[in-house]
Amino acid sequence: MAKNLRLKTARARLDMSQQDLADAVDVTRQTISAIERGDYNPTINLCIRICKALNVTLNDLFWEED
């Protein structure tokens, strides 16, 4: 699984730490870190919560291009 640099970029654009995002979507900071590293594939519900917290779409963060 590839690193999710789009998630890290969207989070940084809002000046949010991993902990800030984790608190906003009710997961641990380690979960956000694992998603960004590509070590964890989040559920669709978690993806939606992350997108809402960052004000982006699912395609913006999670669509895998060929």
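Starting from 1, each residue takes its place in the sequence as its number.
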Straight-line distance of [X] [atom1] to [Y] [atom2], nearest 0.5 Å:
| X | Y | atom1 | atom2 | answer |
| --- | --- | --- | --- | --- |
| K52 | T57 | NZ | OG1 | 13.0 Å |
| R6 | N59 | CZ | CG | 9.0 Å |
| Q18 | L7 | CD | CG | 8.5 Å |

I would like to know whether R13 and L54 meet side chain to side chain contact (heavy atoms under 4.5 Å, CB included); could you show each step before the answer?
-> CA-CA 9 Å; R13 191 176 11 235; L54 297 175; over 6 Å; no
Which atom pair, heavy atoms only, marks the closest approach of A10 to V56?
->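 The pair with the smallest heavy-atom distance is CB-CG1, 4.5 Å.
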Do any N or O atoms from the side chain of N4 and from the backbone of F62 form a donor-acceptor pair under 3.5 angstrom?
->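 No, because the side chain of N4 does not come within donor-acceptor range (under 3.5 Å) of the backbone of F62.
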Donor-acceptor contact present, side-chain S33 to main-chain R29, <3.5 Å =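 No: the side chain of S33 does not pair with the backbone of R29.
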Does any non-hydrogen side-chain atom of D20 lie less than 4.5 Å from one of R11?
->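 No. Closest side-chain heavy atoms not under 4.5 Å.
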Side chain to side chain contact (heavy atoms under 4.5 Å, CB included) between V25 and T31, intermediate numbers included = CA-CA 11 Å; V25 298; T31 298; over 6 Å; no
Using the side chain to side chain contact (heavy atoms under 4.5 Å, CB included) rule, pick out the option among V27, I32, T28 that qualifies with Q30.
->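 Filter result, single survivor: T28.
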More than 12 heavy atoms of other residues, nucleotides or ligands under 6.0 Å from CG of D15: is that the case?
->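 12 or below, so no.
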Should L61 and I44 be regarded as members of a common hydrophobic cluster, given that ILVMFWY residues are connected when their side-chain heavy atoms come within less than 4.5 Å of each other, either directly or indirectly?
->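 They do share one cluster, since a chain of ILVMFWY contacts under 4.5 Å joins L61 to I44.
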